[in-house]
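Structure first, commentary second.
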Amino acid sequence: MDQRIAQFIAALRASGVRISLAESADAFKAIEEMGVQDKDMFRISMRSTLVKEANDLETFEKLFPMFFQASQPPPMTDATKGMSPQEAQMLAQALRQFSEQLRQMMEKLLKGEPLSQQEMNQMDQMMNMEGMTDMRYQNWLARQMEEAMNFPEVRKAMEELARMLREMGMNRQQVEKLREAMQANQQAMQDQIRQHAGEAIAQNLANKPRKEDAEGAMNRPFRALSEEDMHLLRKEVRRLAAALRTRLALRLKRAKTGQLDAKGTLRANLKYDGVPMELHHRDRVMKPKIVVICDISTSMRYVSELMLSMLYAIQDQISKTSAFAFIDHLEFISPYFDDHDPSESVREILSRMPSGHYNTDLGQSLENFTKDFLDKVDHRSTFIVVGDGRNNFNDPRLELFQRVSRRSRNTIWLNPAPMGLWGTGDSDMLKYAPYCGRTFQVSNLAQLAGAVDQLLLH
Amino acid sequence: MNENGFTSPARLKDALTEQMYIANDEISTVVYLSQQLGKPVLLEGPAGVGKTELAKAIACAAGRELIRLQCYEGLDETKALYEWEYAKQLLYTQLLREKLHDELAVTGSLKEAADRLGQEEDVFFSMRFLLQRPLLKAILSDEPTVLLIDEIDRADAEFEAFLLEVLSDFQVSVPEVGTLKAIHRPLVFLTSNNTRELSEALKRRCLYLFIDYPSLEQELAVVRLKVPELSPKLARQAVELVQKLRTMDMRKSPSISETLDWAKALVTLNAENLDKSVLDSTLSVLLKHESDLAQARRQLFNPPSRDRRQDNNSLGTPRWSN
């Protein structure tokens, strides 16, 4: 049993649920406490100790039956029961018309025998299940298996059999009953196969070697990231945003003016017998404020998901964040982040603003920005631009950029393109650069992390 | 309930029912586990599904004192753990001046006087002057308690880190007094409305319990229990309507507490049926945003044409948030 639980935990991890060693130890302790007799309690004690995020509950519920449902053969009915000898003979005669393989299969369906372990193993060998490490493949795999078992042909043969029996003069009702029983049995067998496919995938998940650390993905360029790396990166981005927040808080906390701190003053002046010699003031905590505009045009599409996730994470951490996305015009996207979860809101923004051909226009977007949202930028806010500065030879509107940049506390540009390409072709990066406090090349996560570290030094 | 707490999840569930709290198996099992393993429970879910209520019901059921710490932005140690009562210390020094004078009068040298004073030092840094805030109160209580840390997501990340330390071994060191250790481990509940991500470290130390909106039958049971005056037929109609409202894309979906308020309103108005006039006058008990109200009226009073409904479905079910 312990072995099975450990495998289950491994499979959960492989599906992206973050489970620490301490948590799996807790799960074992909880199971020891609750026992394994009551299946519901067993499930709940595992779930409450292992899964700590509402989004992961679904993964848990999907994987759990693959590991802990006793794979009993599905209930099937024996259709041949209650047949007269004459009818049985007719059936045997009709069956003889089919090929060996089909006949075996149909006899199984008639008698209501589930697939044996041996047959399942044979089926597994026919399939190439390597690399099937996602429960989303379950239905697909089950269909492949059904095809390997000749299910479509069997279905046809079943109709054929019914027709033959009728022609041989069997009672219509009896034929209908047989046919229905066979169909029900086939359905049960399909369920069995589906469950088996799920278990096979779950097994693959459990045996999957542990992923390399985020380190590998850190230095890989954004263009070369796989779906799984993205998952890792999103987590890393979240950590980055949290780091950004504390850093900001530390920097901005320094200023000491403001209200008199009565308690602090009293405390400090105890040593002067209560005569107020030293005055203490409350620390003025300056809340960080960030305004980000992010390019999600075609040339930036490969990083836009990541960048938007980062914006989401930042907004989650810093309440005064205003996020904007632009292609040919600018849109205020913060509201999306407020009421959706990260992947959902990013997907929605990307589908709302589809990329077109050569239509990036930062100048126009800046105009939108200064017209409608200039009040978001003040002397306390850091203005961040994420984009490659490729403007399709449109007017860069430098005067507007300068205006925004002057209003803000600091202006920072994050550019995913290599520095060597800045200013080539339609890139206006070098024109904008003089108005930025800092510019950074961020083509992999290590650089992004570095940029975030540097962000607030000024 | 005995000295050692609840003896089984089923017993716990019964005890909660006695407190008019209808728990499902999941809730009772997780709370029981938390008692057995000595781990805090992290409660998440939409606003108004009874997260705070659960902690209160447990405290009543177990006959323990409930100590509540409400979190907010800027909450710090002095508000959550302890603080020295400077004013009181100062006052005592003033009042005891005479006595101190007498004590020190017998001493010869200045050094002797300082030593003498040093011996009396603990008087001023004793428990007498320690203002106990909720966390310290829970630790020092002679009786076992239930500690409720409400809306932890509203506190700062720094406070969360500090909380970790307290929750892991339930001891606090006050430099002037020494280490204070809990006599009884309190049952700890943390609630969160998910306005921000909690840190991994905090989640790791807790058992996780997600409480969602109840099913129709569960909610009906709650209404029947808490507002028995409402007729069964009307109660069912009302709950069905609330469940329907929750499927709409609202800024704020009605919670259980709002369902109960509404049920009480229906009783007060002696409503016989959920007709248009009753709905019109009472719907504002359920929905607190003007736009939600307008939307509900539109959809309930003139059912939308088919294609508009499809439009609505394409928005998907809203993620719970508040």
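Numbered from 1 within each chain, the chains take letters A, B, ... in sequence-line order.
- Side-chain polar atoms of B/Arg154 and B/Tyr72 form no donor-acceptor pair below 3.5 angstrom.
- Residues B/Leu163 and B/Glu160 fail the side-chain proximity criterion, which asks for heavy atoms closer than 4.5 Å.
- Considering B/Ile211, B/Leu148, B/Leu209, B/Ile152 as possible partners of B/Thr191, the one that fulfils the side chain to side chain contact (heavy atoms under 4.5 Å, CB included) test is B/Leu148.
- For B/Leu37, the part lying under 4.5 angstrom from a heavy atom of chain A is the side chain only.
- Contact of A/Arg18 with chain B is made through the side chain alone, with heavy-atom distances under 4.5 Å.
- The side-chain heavy atoms of A/Val17 and A/Phe60, taken from C-beta on, include no pair separated by under 4.5 Å.
- Ranked by heavy-atom pairs under 4.5 Å with chain B, the first of A/Glu348, A/Lys263, A/Arg43 is A/Lys263.
- Only the side chain of A/Leu57 comes within contact range of chain B, with at least one heavy atom under 4.5 Å from a heavy atom of that chain.
- In this structure, B/Tyr32 has its ring center no closer than 6.0 Å to that of B/Phe6.
- With chain B as partner, the option from A/Asp26, A/Thr49, A/Leu270 having the largest number of non-hydrogen pairs under 4.5 angstrom is A/Asp26.
- With chain B as the partner, the residue from A/Arg47, A/Lys29, A/Glu53 showing the most heavy-atom pairs under 4.5 Å is A/Glu53.
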